[in-house]
Amino acid sequence: SQQGEEDPQALSIQEGENATMNCSYKTSINNLQWYRQNSGRGLVHLILIRSNEREKHSGRLRVTLDTSKKSSSLLITASRAADTASYFCATDRDTGRRALTFGSGTRLQVQP
Amino acid sequence: GAGVSQSPSNKVTEKGKDVELRCDPISGHTALYWYRQSLGQGLEFLIYFQGNSAPDKSGLPSDRFSAERTGGSVSTLTIQRTQQEDSAVYLCASRALNEQFFGPGTRLTVL
């Protein structure tokens, strides 16, 4: 079963604009990760934020985590056409098998 | 170094036939996962291998699904008597520390 819900389901913006995607989850976590998927195939790991962190940056990516609200956001600044993809949040409970639980994803379209 | 590889990249089969999907994880990664992604959806956990321990099969949707991992490396996911609802992209991942590295997936279409 999927733990996360993401919104929006789809987002269309112009190149240069910022894109914000949100993710909510249900259980306690060890960390939360964001992945990008192009053309419905392999996933690329973007960034990991631990449960004791509130914000993290990587290049044009900014991730926030609010464990009290069980939510996270991914901000892509100065978007490019190449950012067009589906973005998924995934939670890691750091117990047992540590399989990631994925949200349903946000489809981002960046218009050139 | 090489990433996770999967084969075949695409597989079209007829309902009722068996299929085998292969995953080559990153060398040295002891944890290996299979996930399934239906069209427009997130990933669904299927099965997990860790070293020589018994696999965690709790995500397998039915007894038609099975997987093995030989020698702690290559893994094969087998689906017997395929059904149309088995159509999906099957993704394999291996893990080092906290990060899972995904293969390109196998797109399975059951006609």
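Throughout, a chain's letter reflects where its sequence line sits, starting with A, and its residues are numbered from 1. Bear in mind the structure is a predicted one, so any value in this text is a computation, not a measurement.
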Between Phe102(A) and Leu46(B), is there shared hydrophobic-cluster membership here, with clusters defined by ILVMFWY side-chain heavy atoms closer than 4.5 Å? no
Considering all heavy atoms, the nearest Phe45(B)-Ala99(A) contact: CD1-CB, 3.4 Å
With the 4.5 Å side-chain cut-off for hydrophobic clustering, are Leu48(A) and Tyr35(A) part of the same group? no
Measure across Leu43(A) and Phe102(B) and return the closest heavy-atom pair with its distance rounded to 0.1 Å. O-CB, 3.8 Å
Report, as yes or no, whether the 6.0 Å neighbourhood of atom CG on Leu39(B) holds more than 12 heavy atoms from other residues, nucleotides or ligands. no
Is there a donor-acceptor contact under 3.5 Å from the side chain of Tyr35(B) to the main chain of Leu100(A)? yes
Who else is in Val4(B)'s hydrophobic cluster (ILVMFWY, side-chain heavy atoms under 4.5 Å, direct or via others)? Ile26(B), Phe101(B)
State whether the number of non-hydrogen atoms from other residues, nucleotides or ligands found under 6.0 Å of Lys57(B) atom NZ is greater than 12. no
Less than 3.5 Å apart, any donor N or O on the side chain of Gln33(A) or Gln100(B) sitting next to an acceptor on the other? no
CG-CD distance between Asn31(A) and Glu99(B), expressed to the nearest 0.5 angstrom: 10.5 Å
Side-chain contact test, heavy atoms from C-beta onward, threshold under 4.5 Å: evaluate it for Leu91(B) versus Gln37(A) and give yes or no. yes
